Amino acid sequence: MWQLFRYTFVMRPYKHPTANEFILERVLYALSDPVRLEIVRRLGQLGEASCGELDGGRPKSSVSHHFRVLRDAGLVHTKNVGTTHINSLRRSELQGRFPGLLDAILSQSA
């Protein structure tokens, strides 16, 4: 007799640096790429969004790389909601560590 198994797929949570681990050079490097800068600006407008909403039609592997760089720099927080990755800017942490930096970035037009 066949037995049905139910598989529960649990996505591993992402690692995010603490605010005191933010390094200015890493933040600036992350923002130096036009794709990543566009992602940060879109998140500044939207508040939070899935990777799919921010991919701009780019390949998944490329988008994954860009989000990893943004997460490692401390710019973006990614949480798992089911199988969807929801991203948001780490505004308060960035403001505390580098006052005015994110506001200056977001106030510049594309």
Side-chain angles (χ1 to χ4, degrees):
M1 175 171 250
W2 291 94
Q3 290 183 351
L4 296 176
F5 293 97
R6 182 177 173 183
Y7 292 98
T8 304
F9 183 69
V10 178
M11 297 182 81
R12 204 174 26 171
Y14 288 103
K15 294 181 181 178
H16 299 88
T18 61
N20 65 347
E21 295 174 318
F22 294 173
I23 298 168
L24 182 60
E25 291 84 357
R26 233 182 243 167
V27 171
L28 295 176
Y29 169 75
L31 293 169
S32 70
D33 183 274
V35 172
R36 293 190 291 265
L37 183 57
E38 177 187 336
I39 290 169
V40 168
R41 286 182 173 147
R42 291 280 321 272
L43 281 174
Q45 295 168 346
L46 299 173
E48 65 177 24
S50 69
C51 294
E53 293 173 283
L54 301 167
D55 70 6
R58 294 174 186 87
K60 189 174 182 178
S61 60
S62 173
V63 173
S64 295
H65 166 73
H66 289 303
F67 276 102
R68 183 183 54 78
V69 171
L70 290 169
R71 263 193 313 278
D72 290 348
L75 287 158
V76 171
H77 181 268
T78 304
K79 66 181 175 182
N80 298 320
V81 178
T83 58
T84 303
H85 302 216
I86 302 297
N87 303 284
S88 59
L89 290 179
R90 296 179 67 182
R91 287 180 183 267
S92 61
E93 295 101 323
L94 285 160
Q95 178 63 21
R97 181 79 167 133
F98 307 116
L101 178 64
L102 188 58
D103 292 335
I105 299 295
L106 296 176
S107 69
Q108 298 298 309
S109 60

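The model shown is predicted, which means the values in this text are computed figures rather than measured ones.
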#### Entry: hydrophobic_cluster_shared for V40 and V63, side chain cutoff 4.5 Å
yes

### Message
Membership question, hydrophobic clusters at under 4.5 Å side-chain separation (ILVMFWY): are V35 and L46 in the same one?
### Response
yes

### Message
Set out, in order, the CA-CA distance, both residues' side-chain angles and the distance that settles side chain to side chain contact (heavy atoms under 4.5 Å, CB included) for S64 and K60, then state yes or no.
### Response
CA-CA 6 Å; S64 295; K60 189 174 182 178; 4.3 Å; yes

### Message
Can a donor-acceptor pair be found, under 3.5 Å and without considering hydrogens, that links the side chain of E53 to the backbone of S50?
### Response
yes

#### Entry: Point-to-point distance, once rounded to the nearest 0.5 Å, from CG of L31 to CG of L75
5.0 Å

### Query
At their closest point, which heavy atom of P17 faces which heavy atom of A73, and how far apart are they?
CG-C, 4.5 Å

### Query
Honestly curious: do L106 and L28 fall in one hydrophobic cluster under the side-chain, below-4.5 Å linking rule?
yes

### Task
Could you grab the distance from atom CZ of R26 to atom CG of D72, nearest 0.5 Å is fine?
7.0 Å

### Message
Tell me if a side-chain donor or acceptor on N80 pairs with a main-chain N or O of H85 at a distance below 3.5 Å.
### Response
no

### Message
Test of understanding: clusters of I, L, V, M, F, W, Y form through side-chain heavy atoms closer than 4.5 Å, transitively. Do L37 and V27 belong to the same one?
### Response
yes

### Task
Assess whether side chain to side chain contact (heavy atoms under 4.5 Å, CB included) is satisfied between L43 and Q45, documenting all intermediate values.
CA-CA 5 Å; L43 281 174; Q45 295 168 346; over 6 Å; no

### Side chain H16, main chain T78, donor-acceptor under 3.5 Å
yes

### Query
Does Q95 reach the main-chain N or O of L102 with its side chain, forming a donor-acceptor pair under 3.5 Å?
no

### Query
Closest approach of F98 and L24, non-hydrogen atoms and distance?
CZ-N, 3.5 Å

### Summary
Separation between CZ (R91) and CG (D103), nearest 0.5 Å, reads 7.0 Å

### Task
Specify the closest pair of heavy atoms between N87 and C51, including all atoms of both residues, with the distance to one decimal.
ND2-SG, 3.4 Å

### Query
Checking R97 side chain against F22 main chain: does a donor-acceptor pair fall under 3.5 Å?
yes

### Message
Show the nearest heavy-atom pair for residues R71 and V76, with the distance to one decimal.
### Response
CG-O, 3.5 Å

#### Entry: Side-chain touch E48/H77, heavy atoms, less than 4.5 angstrom
no

### Task
Following the transitive rule for hydrophobic clusters with a side-chain heavy-atom cut-off under 4.5 Å over Ile, Leu, Val, Met, Phe, Trp and Tyr, establish whether I105 and L70 coincide in one cluster.
yes

### Query
On the ring face of Y14, is R68 found with NZ or CZ under 6.0 Å from the centre and within 45° of the axis?
no

### Task
State whether the side chain of R36 and the backbone N or O of A30 hold a donor-acceptor pair below 3.5 Å, judged by distance alone.
yes

### Expected output: side-chain S62 to main-chain R58 donor-acceptor under 3.5 Å
no

### Task
Rounded to the nearest 0.5 Å, what's the gap from CD1 on I39 to CZ on R41? Could you check?
12.5 Å

